[in-house]
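Below is one structure; the comments refer to it alone.
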2 protein chains.
Amino acid sequence: MSKRLVVLDTPANQVACCPPIAEASLDAAQATDLARMFKALGDPIRLRLLSRITSAPEGEICVCDLTGEDFDVTGPTISHHLKTLREAGLIEGERRGTWVYYRPVVANLRQLAALLAI
Amino acid sequence: MSKRLVVLDTPANQVACCPPIAEASLDAAQATDLARMFKALGDPIRLRLLSRITSAPEGEICVCDLTGEDFDVTGPTISHHLKTLREAGLIEGERRGTWVYYRPVVANLRQLAALLAI
DNA sequence: CTCCTGTCTAGATGATTATCTAATCAGCCG
DNA sequence: CGGCTGATTAGATAATCATCTAGACAGGAG
């Protein structure tokens, strides 16, 4: 087991890459991958979770700092949304002892940004 | 009637604005507006439609150039997706005679891009 | 006016999703 | 070990969504 940080199945979601959406018409396969990521962003709770994760001072945040607080949904629901973000390739998670930490997958977030840079 | 281009109800969707998601935690209200736009991008067909619209040489494209072609869905389904993009504030449409033309709402697309620029 | 073509709306249906409660798993501590 | 806390999974349910067919509406052409 060489990888240091991998926990919590993260389907290695690699997408082609990077020209803005206006440069060339997306083909169906690229569109499917990209749409999965955008869909994951298409929920207010997930957007706020991602915002918290990306703005965490240490580059990552403990799930214990996300649950229950000013999100008025239950723990399992938070967990479900984190899983959605994770499966979309936007964040990745790691358990260290008792707690689980999440951090952004910067490359994929940047790719989405680049795509929309008209 | 002073506006030159408005047709097809476009709910004036103005969202706060512009710091990247990592700078400050999104509040619930902003998140709801932004999530609506991301959700509209969360479908492969809509992404490809938007790609076609944003890459149209004249800055706009006729619906007649979008229907039926290499999207294997029916006309009404295309129309429904265009409506979703329109109501999200990502595109706007105008009828000129027989045909309807769509063009991107660049400011809102850029806002999404800025949000993801980590 | 009447037909034809392009686009949209209406209504129905099957699939997906957000959320909950209950139960399970992982790691710590006495 | 046995119990405790943090986090996830399982299963159920209500809501939303993508898609279709059928029908309506807009505008041009005979």
Would the distance check show the side chain of [X] and the main-chain N or O of [Y] forming a donor-acceptor pair, the cut-off being under 3.5 Å?
X	Y	answer
B:Gln30	B:Asp27	yes
B:Arg86	B:Gly89	no
B:Thr54	B:Leu50	yes
B:Ser51	A:Ile21	yes

Just the rounded figure in Å: distance from [atom2] of [N] to [atom1] of [X].
X	N	atom1	atom2	value
B:Arg96	C:dG6	CZ	C1'	15 Å
B:Arg36	D:dC17	CZ	C1'	16 Å
A:Arg48	C:dA18	CZ	C1'	15 Å
A:Asp65	D:dA7	CG	C1'	14 Å
A:Lys83	C:dA18	NZ	C1'	14 Å
A:Ile78	D:dT9	CD1	P	15 Å
A:Phe71	C:dA18	CZ	P	15 Å
A:Asp43	C:dA18	CG	C1'	8 Å

Less than 4.0 angstrom between a side-chain N/O of [X] and OP1 or OP2 of [N], yes or no?
X	N	result
B:Thr74	D:dC20	yes
B:Tyr102	C:dT7	no
A:His81	C:dT17	no
B:Lys39	D:dC17	yes
B:Tyr101	C:dT7	no
B:Thr77	D:dC20	yes
A:Arg95	D:dT8	no

- prompt: Among D:dT19, D:dA7, D:dC17, which nucleotide sits nearest the side chain of B:His80?
  reply: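 So the side chain of B:His80 is nearest to D:dT19.
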- request: Among C:dT21, D:dG6, D:dT21, find the nucleotide with the atom closest to the side chain of A:Trp99.
  value: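 The listed nucleotide nearest to A:Trp99's side chain is D:dG6.
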- request: Quick one: closest heavy-atom pair of B:Arg52 and B:Asp70, and the distance?
  value: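 So the minimum-distance heavy-atom pair works out to NH2-OD1, 2.9 Å.
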query: Of A:Ile45 and B:Pro76, whose nearest nucleotide on DNA chain C comes first from the 5' end?
result: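 Looking at the nearest nucleotide for each, B:Pro76 comes out on the 5' side.
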First encountered from the 5' end of DNA chain C, between B:Leu82 and A:Thr98: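 Final value for this comparison: B:Leu82.
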